[in-house]
Undergrad: 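Questions regarding the structure given below will be posed in turn.
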Number of protein chains: 2
Amino acid sequence: MKPTHHSRLQQILKNDILSGKQKEGSVLPSENELAAKHNIARATVRHALASLEKEGYIEKRQGKGSIVKAYNKKISILNIKGFSSVVSNASNQFILKPHYAAWPKPFAYNLSKEMEDAGCIFMKRLRSINGEPILLELTYLPNIGLPDFCFNPFINDSLFETLSKRYLIEIKDVEQDIRAIKPCDEAIKYLKIKKSDPLLCLNLKYATNRLELNIYSTLYCDTQKYSVGNSD
Amino acid sequence: MKPTHHSRLQQILKNDILSGKQKEGSVLPSENELAAKHNIARATVRHALASLEKEGYIEKRQGKGSIVKAYNKKISILNIKGFSSVVSNASNQFILKPHYAAWPKPFAYNLSKEMEDAGCIFMKRLRSINGEPILLELTYLPNIGLPDFCFNPFINDSLFETLSKRYLIEIKDVEQDIRAIKPCDEAIKYLKIKKSDPLLCLNLKYATNRLELNIYSTLYCDTQKYSVGNSD
DNA sequence: TAGTGGTCTAGACCACTAA
DNA sequence: TAGTGGTCTAGACCACTAG
C-alpha cells in the first residue's frame with residue numbers, strides 16, 4: 001500500500017483541520033499555492049481536495065476557495081467518520097470485549113464460504129454521551145488477517161483508528177439499513193428506556209480497502225435526546 | 001447553466017443504466033473507448049465516471065472496468081436519487097397539492113430574511129408500495145425563482161425530475177436527521193398504523209445548484225415492512 | 001482586475017486483471 | 001501479454017468572486 005501524492009496531501013490537510021490549525025470557516029491555501037508548495041500538479045491537488053469534500057471536511061466555492069466546513073454536532077453514524085471521532089463527551093464501554101465466535105445464524109448478510117469458516121470476532125459496546133447511554137452496538141468482523149486483534153486494546157478507544165493504524169485497513173463505504181422498532185430486552189436494559197419507547201435500529205455494512213473484508217454492525221440508538229445525522 | 005462534457009456523458013450513461021440498456025453487473029465501455037467515442041479527453045471521462053460512482057450507479061475495479069452496480073431494492077431516501085426513481089410499484093398521492101403558504105413557525109431550519117419574506121410552497125404526499133401506504137412526506141420549497149410551480153403538474157410524478165427539467169435545478173447534497181418516534185395522529189391516519197407502532201422520522205434538507213435554494217422535507221416512514229437504506 | 005475554482009486536453013507511466 | 005483503471009504532469013481557457 002504505497003502512499004500517493006494526493007492521499008498524502010489529503011492526510012496533511014485533514015490533520016490540519018482536526019488539530020485546529022485550520023479552523024472552521026477558514027479558507028485553505030489556493031489550489032495553485034498547494035501545488036507549488038508540495039511540488040505537484042494542480043490536478044493532483046484537486047484530487048486530494050475532492051476526497052476531503054466527499055468526506056465532508058471542506059466545501060468548495062468557485063471564485064472564493066476551499067472552506068473548512070462547520071463541525072457537525074450530530075451523532076454522525078451515517079457518514080464514514082465513525083462515532084468517537086465525531087462526538088465529544090462520548091465514552092465507550094465494552095459489554096463484551098472482542099472475542100472469537102461463530103457467526104450468528106441466521107446472519108443478515110451473505111458470507112463467502114471462506115469467511116463463514118473463519119468465524120468472526122464479536123464485540124458489544126455501549127456508547128454514552130455526557131454519561132447517558134445512547135447507543136448499543138454489536139460489531140462483527142471476519143477472523144481473517146487480523147492477528148492478535150482480541151489481545152490488544154484499541155487505539156484511542158476507536159475501532160476504525162485501530163484498524164487503520166495497526167492493520168492498514170481503511171473504511172471505504174457504508175451500506176445502511178434503518179428501521180424504527182420496538183426495543184428488545186437488551187436495549188431496554190442497557191439504554192435504560194421504556195418498553196414503549198421507539199428505538200432506532202441500524203444495520204451497517206462497512207466495505208474496506210481489502211476487498212474480501214467487510215465489517216458488520218447492528219446499532220440500537222435511543223433518539224429521544226440525540227438524533228442521528230450525516231453531513232455528507 | 002451550460003452543460004459540460006462530463007455532465008453530458010454522465011447523463012448518457014445514467015440513462016443507459018436506468019433504461020436497462022446497461023444491465024446490472026455488466027461492464028461499461030472502457031475509459032479509452034468512451035473518450036474516443038465522444039471525442040473528449042480521458043480525464044473528462046473519468047470525471048463523469050467519478051460522479052456516477054459517487055451516486056452509486058457504478059463500481060470501478062482496477063484492471064477490470066466500470067461495473068453497473070446491483071440495483072438497490074430498499075427505499076433509498078438517504079441518497080440523492082429520491083423516491084420515484086428507485087422504487088418500482090410505487091405510487092404517489094397528493095394529500096395537499098403544491099400551494100403557496102407561509103413558512104411554519106417555528107421551522108426546524110434557519111431561513112434568510114429574503115426566503116422568510118417570500119413564503120413557501122408546501123405540499124403533502126403519501127407514497128405507497130404495492131398499494132400499501134409507506135411514507136408520508138411534507139415538503140417545503142422557498143417561493144423564489146419557481147414561477148408557476150403550483151399550476152403545472154409534475155413530470156413523471158417526480159419533484160426532482162420536475163425541478164431538473166423545468167427549472168434546471170439539480171440536487172447537490174442532502175443533510176439528514178433521523179429519529180424513531182411515536183406516531184403522530186396524522187401518520188396513524190394515513191399510514192394506517194397503530195398508536196404503539198414505532199415510526200421513523202426523517203428531516204431532510206436538500207441543497208441545490210442554486211446557492212440560496214434549499215428544499216426541506218419531513219418524512220414519516222413505516223418501516224415494519226420496508227426499511228430505509230442507502231447504497232452510497 | 002486579479003485571483004479563485006471549474007473544465008478540458010494530450011500526453012505519460014504504473015498497478016492490476018484475465019486470457 | 002494486452003487491456004483495464006489509477007496516478008500524474010504541464011499546460012490552457014472559462015466562470016465566478018471580491019476589492
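Here is the naming used below: chain letters follow the sequence lines, and residue numbers restart at 1 for every chain.
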Undergrad: Relative to the 5' end of DNA chain D, which residue comes earlier, B:Ala43 or B:Asn32, by the nucleotide with the nearest heavy atom?
TA: B:Asn32

Undergrad: Separation of B:Arg42 atom CZ from C:dT7 atom P, in whole Å?
TA: 19 Å

Undergrad: To the nearest Å, how far apart are A:Glu31 CD and C:dG6 C1'?
TA: 8 Å

Undergrad: Determine the contact category for B:Glu33: base if any of its heavy atoms lies under 4.0 Å from a base atom, sugar-phosphate if only primed atoms, P, OP1 or OP2 are that close, otherwise nothing.
TA: sugar-phosphate

Undergrad: Nearest whole angstrom, please: distance from the P of C:dG5 to the CD of A:Gln62.
TA: 10 Å

Undergrad: Determine: side-chain N/O of A:Thr44 to OP1/OP2 of D:dT9, distance under 4.0 Å, yes or no.
TA: yes

Undergrad: Among C:dT7, D:dC8, D:dG5, which nucleotide has an atom closest to any side-chain atom of B:His47?
TA: C:dT7

Undergrad: Rounding to an integer number of Å, can you tell me how far A:Ile58 CD1 sits from C:dT4 P?
TA: 15 Å

Undergrad: Choose from D:dT4, C:dG5, C:dC8 the nucleotide whose nearest atom is closest to any side-chain atom of B:Ser30.
TA: D:dT4

Undergrad: Classify B:Ile40 by what it touches in the nucleic acid, base, sugar-phosphate, or nothing, heavy-atom distance under 4.0 Å.
TA: sugar-phosphate

Undergrad: If C:dC8 has a Watson-Crick or G-U wobble mate with both distances under 3.5 Å, name it; if not, just say none.
TA: D:dG11

Undergrad: Quick one: does any side-chain atom of B:Ser51 pair with a main-chain N or O of B:His47 as donor and acceptor, under 3.5 Å?
TA: yes

Undergrad: Nearest to the side chain of B:Arg46 - C:dG6, C:dC8, D:dG5?
TA: D:dG5

Undergrad: Roughly, in whole Å, what's the span from CD in B:Gln10 to P in C:dC8?
TA: 12 Å

Undergrad: If only atom types and distance count, is the side chain of B:Ser19 paired as donor or acceptor with the main-chain N or O of B:Asn15 below 3.5 Å?
TA: yes

Undergrad: Would you find a donor on one side and an acceptor on the other, under 3.5 Å apart, between the side chain of A:Trp103 and the backbone of A:Tyr140?
TA: no

Undergrad: Which heavy-atom pair separates A:Lys64 from A:Val27 by the least distance, and what is that distance?
TA: O-CG1, 4.4 Å

Undergrad: In this structure, how many angstroms lie between the P atom of D:dG6 and the NE2 atom of A:His6, rounded?
TA: 10 Å

Undergrad: Just name whichever nucleotide pairs with D:dC16, Watson-Crick or G-U, keeping both distances under 3.5 Å, else none.
TA: C:dG3

Undergrad: Any donor and acceptor pair, going by atom type alone, linking the side chain of B:Thr208 with main-chain N or O of B:Leu213 inside 3.5 Å?
TA: yes

Undergrad: Using whole Å, report how far NZ of B:Lys64 lies from P of C:dT17.
TA: 8 Å

Undergrad: Measure the distance from NE2 on B:His5 to P on D:dC13 and round it to the nearest whole Å.
TA: 16 Å

